[in-house]
Q: 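Structure incoming, see below.
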Amino acid sequence: MKQNSSKKMLKRLLAFSLVIVLLLSTGAGRVFYLQIVRGEELSRKAESQQLNDTEISAMRGTIYDSEGNVLAQSATVWNIFLDPLAIDLDIDEDDTPEQAALKKEKSEKRRALIIDKFTELFGYNEKEKAEFVEKTKQDNHYVVVEKKVENNVKEELSKFISENSLNCIGMEQSTKRYYPYGSLASSVLGFTGADDQGLSGIEAYYDEALTGTNGRIITAKDAVSNSISDEYETSVDATDGNSLVLTINQTIQYYLEKGLKETMNQYQAKGAYGIVMDCNTGAVLGMSSMPDFDCNEPYKLTYSKNKKAIKKIKDKDEKAQAESLAIQNQWRNFTVNDTYVPGSVFKTFIASAALEENVVSTKTTYNCTGSIRVDSYNMKCHYHPGHGTQTFAQGLANSCNPFFITVGQKLGVHNYFKYFDAFGFTRTTGIDLPGEAAPQFYKENQYGIVELSSASFGQTNSLTPIQVCTGLCAIANGGKLVQPYLVSSIIDADGKTVEKTETKVVRQVISSETSATVREMMKGVVDNGTGKNGYVAGYSVGGKTGTSTKLGESAEGEGDKYIVSFAAIAPSDNPEIAMLIIVDEPNQDLGGGALCAPIASQVIEEAMSVLGIEPKYDGDELKNLSKYAPNVVGKSVEDAKTEINQYGLNTVVIGSGDKILRQCPTSAGTIPNGGTVYVYTDNTQRKTTKVPDFTGLTVTEAKSLAKTNNLNIQISGNDLTDSALVAYRQSDDKGAVVEQGTVITVTFKSTESVLD
């Protein structure tokens with residue numbers, strides 16, 4: 001009996017022990033599962049419920065031009081978020097039905113108040129308002145409702161939150177990229193995306209340097225997700241990104257873009273492109289590809305020609321695709337991302353190679369009959385009657401194809417390719433921009449007599465504009481090939497320079513003697529040849545025009561499509577800049593001398609002033625130079641007339657007084673030789689006149705029209721001995737109201753043009 005009782009007790013103890021072991025095992029397993037298997041996940045959830053982790057956006061570095069002007073900068077903006085669960089007041093279990101109904105009514109009033117304010121502040125339409133209403137009802141503590149909100153809106157919203165004790169609306173600091181000059185240098189600068197990451201241009205290439213390190217603020221939350229005291233707060237400061245100082249000069253860039261845009265619009269071209277470089281260092285002073293875009297609104301179409309073409313498309317999908325392609329084309333920097341056939345601009349490199357190899361000299365002559373036979377092909381000169389006997393310099397000035405075919409044949413395939421490679425045309429330049437295109441060229445073993453002959457006047461190989469302009473720098477600077485660059489220095493958030501770009505000489509391509517000879521030949525192109533519109537008073541300019549036919553790109557029934565260009569160096573006797581201007585598919589058969597050289601002329605004039613290079617006028621230029629008007633205010637009428645006459649100027653007296661009270665132009669302004677000074681002898685109201693349209697007039701016609709309208713006219717632009725000059729630009733717009741005697745500068749160009 002006692003033994004049975006012991007056995008029962010043992011069984012009970014064993015069963016109890018098994019239960020204990022089972023429970024402990026289950027608990028241990030549960031602990032293992034929660035801490036080991038799901039530990040990391042649950043830890044994150046706990047932290048999210050107990051901690052509020054706010055990211056502080058770092059400022060992206062600023063981009064400056066060479067003079068310290070801000071081209072791109074970031075500023076503080078705000079992201080606005082809601083805590084929808086905090087909009088509704090909590091209804092407790094012990095609330096009476098009346099209390100619960102009152103809380104619900106207050107909650108709806110709070111929601112309506114918030115909806116009305118956001119609709120007012122952000123201008124919601126009906127659809128946007130409905131979407132916002134849904135966001136206020138989400139089962140969530142954090143819903144972002146507005147991004148990149150400006151500070152003035154944020155301040156108004158903060159006041160609204162404070163006045164209405166709304167803890168359900170929050171704000172997070174963020175940053176937004178601004179481009180103060182809109183489209184200036186857009187193809188160089190590029191733009192950033194919604195996440196502040198660089199998507200094109202300098203913004204993309206230097207994204208890592210420009211991007212800072214975000215900071216954080218971590219605060220503890222109570223059971224209902226409200227932040228608790230600052231003693232539980234931990235913060236890590238944001239580190240702002242580095243800033244860039246570009247080689248781009250704002251003034252040079254402005255005039256480059258102005259000329260390109262005006263020409264593109266006037267001739268409804270596909271595009272217009274330009275590069276201005278410091279030929280001695282490789283620094284890019286200006287670079288533009290038209291059509292361009294506003295960096296603040298990169299997805300907005302800008303070119304009216306493209307807008308009209310897209311508007312005509314009826315199919316919705318086709319239209320959307322065309323618009324997308326047009327927008328992407330605006331982002332492309334043609335000068336770096338694309339290749340083209342350089343045409344007769346390439347003759348400057350053939351001339352350099354031939355002189356360096358002594359296969360020709362400046363005394364070499366050739367009789368151009370209008371064409372030359374090469375194998376089974378008859379290769380023509382752009383001047384079909386033929387230029388007759390010319391010197392080598394005249395051959396370049398006249399852009400004579402047969403002459404340069406013979407020069408290329410004397411040079412030979414091996415030497416041709418030797419200099420083609422030496423000028424950097426077989427590889428990319430290494431410029432600090434994304435997407436530089438590789439050149440498209442025949443290799444040495446692919447050259448036959450036909451390919452060599454065609455290449456000798458620039459019609460075989462495709463190069464990027466930046467390659468061509470870099471090659472021009474070598475011709476200009478004494479023969480050194482330098483690497484082009486856009487960022488001169490990188491500075492940190494404290495203003496310390498962390499990196500500085502030094503000039504990189506890749507190789508010596510030609511001798512300084514050859515360089516000087518070719519520069520003088522290029523000066524002849526502007527003085528006496530196809531590039532007369534590149535003339536700038538007071539500065540010797542060297543140039544070369546170019547045209548290439550875009551084979552296979554014309555539709556049936558259309559004429560050939562051309563890409564025309566003008567290369568320039570200035571001053572040609574001691575060069576500081578090299579430049580390449582290109583117009584793609586103009587709607588008239590005009591060459592680079594007519595379309596591109598005038599742009600180069602204006603940019604050179606401005607660039608010389610910016611770079612502090614004083615003009616050197618010859619005798620003829622001095623005769624046509626403007627002078628400061630004499631100051632005759634306070635003098636008698638007779639004395640004023642005598643003094644004005646001594647300056648070689650005319651006088652118009654307005655009023656019946658004895659002394660001069662005011663004059664136009666004033667002594668602070670210049671007036672051309674033979675101009676007229678308008679003087680007032682009493683308080684008669686200033687006499688005004690409207691500026692006429694001088695466009696398309698000859699010099700004689702423009703002078704006559706100015707005189708009829710009581711204006712002085714300053715002639716600018718091409719050599720005045722050219723019989724085919726017409727006005728194409730004026731300093732004051734047509735219809736502007738100005739005082740009588742005002743000096744209007746009218747710029748002329750030659751309409752004579754060759755497709756060389």
Side-chain angles (χ1 to χ4, degrees), residues 251-252 254-267 272 274 276 286 526-527 530-541 543 545 566 568 570 579 581 583 586 588 590-610 615 617 620-627 665 669-675 691-707 709 711-736 738 742-753:
T251 302
I252 294 174
Y254 169 79
Y255 283 100
L256 174 65
E257 291 187 6
K258 182 175 183 287
L260 292 173
K261 187 171 289 186
E262 286 175 352
T263 301
M264 182 184 71
N265 288 328
Q266 182 179 352
Y267 295 96
V276 184
V526 174
D527 290 347
T530 59
K532 289 181 180 178
N533 286 326
Y535 166 82
V536 180
Y539 300 98
S540 58
V541 177
T545 54
F566 182 74
M579 186 186 318
I581 304 294
V583 175
Q588 295 182 33
L590 295 172
L595 298 185
C596 303
I599 301 172
S601 172
Q602 184 183 15
V603 174
I604 289 170
E605 187 172 8
E606 297 298 333
M608 295 298 99
S609 176
V610 167
Y617 298 105
D620 290 335
E621 289 173 336
L622 284 170
K623 291 177 185 177
N624 296 312
L625 204 61
S626 292
K627 60 186 71 175
T670 58
I671 185 171
N673 278 329
V691 177
D693 185 3
F694 294 99
T695 306
L697 301 182
T698 65
V699 173
T700 302
E701 290 169 340
K703 285 182 175 179
S704 176
L705 184 60
K707 186 175 181 180
N709 287 272
L711 294 167
N712 287 299
I713 184 172
Q714 174 64 51
I715 307 300
S716 178
N718 198 347
D719 187 347
L720 303 184
T721 61
D722 193 319
S723 60
L725 291 179
V726 294
Y728 75 99
R729 189 173 68 236
Q730 57 192 72
S731 58
D732 292 71
D733 292 336
K734 175 186 72 173
V738 298
T742 297
V743 178
I744 309 296
T745 300
V746 181
T747 308
F748 291 80
K749 68 178 180 180
S750 173
T751 55
E752 291 181 349
S753 177

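Just so you know, these numbers use all the heavy atoms, side chains as well, and skip hydrogens, waters and symmetry mates. In this chain, numbering begins with 1 at the start of the sequence shown.
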Q: Counting N and O atoms only, with roles assigned by atom type, does the side chain of S601 sit under 3.5 Å from a partner on the main chain of A597, one being a donor and the other an acceptor?
A: no

Q: As a quick check of understanding, evaluate side chain to side chain contact (heavy atoms under 4.5 Å, CB included) for V699 and F748, giving each step before the final call.
A: CA-CA 8 Å; V699 173; F748 291 80; 3.8 Å; yes

Q: Is there a side-chain contact between V691 and D733, using heavy atoms and a 4.5 Å cut-off?
A: no

Q: Could you walk me through whether V738 and D732 satisfy the side chain to side chain contact (heavy atoms under 4.5 Å, CB included) test, starting with their C-alpha distance in whole Å, then the side-chain angles of each, then the deciding distance to 0.1 Å, before giving a yes or no?
A: CA-CA 9 Å; V738 298; D732 292 71; 4.1 Å; yes

Q: Working to the nearest 0.5 angstrom, can you tell me the gap between M608 CE and E606 CD?
A: 11.0 Å

Q: Which atoms form the tightest heavy-atom contact between S750 and N533, and what is the distance?
A: N-OD1, 2.7 Å

Q: Strictly by salt bridge (Lys or Arg N to Asp or Glu O under 4.0 Å), give each pair with a member in residues 255-266 just once, sequence neighbours left out.
A: K258-E262, K261-D292

Q: What pairs with Y728 under side chain to side chain contact (heavy atoms under 4.5 Å, CB included), at least two apart in sequence or on another chain?
A: P598, T747, K749

Q: With a 4.5 Å cut-off on side-chain heavy atoms, are P692 and I744 touching?
A: no

Q: Check side chain to side chain donor-acceptor pair (under 3.5 Å) between E605 and all other residues, then give those that pass, not counting sequence neighbours.
A: none

Q: Kindly give the heavy-atom pair with the smallest separation between Q714 and N624, and that separation in Å.
A: NE2-O, 3.8 Å

Q: To the nearest 0.5 Å, tell me how far Q588 CD sits from L595 CG.
A: 8.0 Å

Q: Is there a donor-acceptor contact under 3.5 Å from the side chain of Q730 to the main chain of V746?
A: no

Q: For K707, check side chain to side chain contact (heavy atoms under 4.5 Å, CB included) against everything at least two apart and list the hits.
A: none

Q: Does a sphere of radius 6.0 Å around NZ in K627 hold more than 12 heavy atoms from other residues, nucleotides or ligands, not counting ones at 6.0 Å or beyond?
A: yes

Q: Working to the nearest 0.5 Å, report the span between CG of L260 and OH of Y255.
A: 14.5 Å

Q: Report the residues that fulfil side chain to side chain contact (heavy atoms under 4.5 Å, CB included) with T545, sequence neighbours left out, ordered by chain and then residue number.
A: T530, F566, D756

Q: Looking at G534 and V526, what are the two nearest heavy atoms and their distance?
A: C-CG1, 3.8 Å

Q: Taking C-beta and beyond as the side chain, do I581 and L256 meet within less than 4.5 Å on heavy atoms?
A: yes

Q: Taking all non-hydrogen atoms of both residues into account, name the closest pair between M264 and A272 and its distance.
A: CB-CB, 4.1 Å

Q: Once you round to the nearest 0.5 Å, how far does CG of N673 lie from CD1 of I715?
A: 12.0 Å

Q: Start with the C-alpha distance between L725 and T698, add both sets of side-chain angles, then the distance that settles side chain to side chain contact (heavy atoms under 4.5 Å, CB included), and finish with yes or no.
A: CA-CA 6 Å; L725 291 179; T698 65; over 6 Å; no

Q: Dump the intermediate steps for side chain to side chain contact (heavy atoms under 4.5 Å, CB included) on I252 and V603, then the final yes or no.
A: CA-CA 7 Å; I252 294 174; V603 174; 4.2 Å; yes

Q: Roughly how far, to the nearest 0.5 Å, is the CD1 atom of I671 from the CD1 atom of I713?
A: 12.5 Å

Q: Sub-3.5 Å donor-acceptor pair from the side chain of N712 to the main-chain atoms of G675, do we have one?
A: no

Q: What's the spacing between S716 OG and Y535 OH if we round to 0.5 Å?
A: 9.0 Å

Q: Counting N and O atoms only, with roles assigned by atom type, does the side chain of D693 sit under 3.5 Å from a partner on the main chain of T695, one being a donor and the other an acceptor?
A: yes

Q: Holding to side chain to side chain contact (heavy atoms under 4.5 Å, CB included), I want the full list of residues that pass it with V726, two or more places apart in sequence or in another chain.
A: T751

Q: Do L590 and Y267 have side-chain heavy atoms sitting under 4.5 Å apart?
A: yes

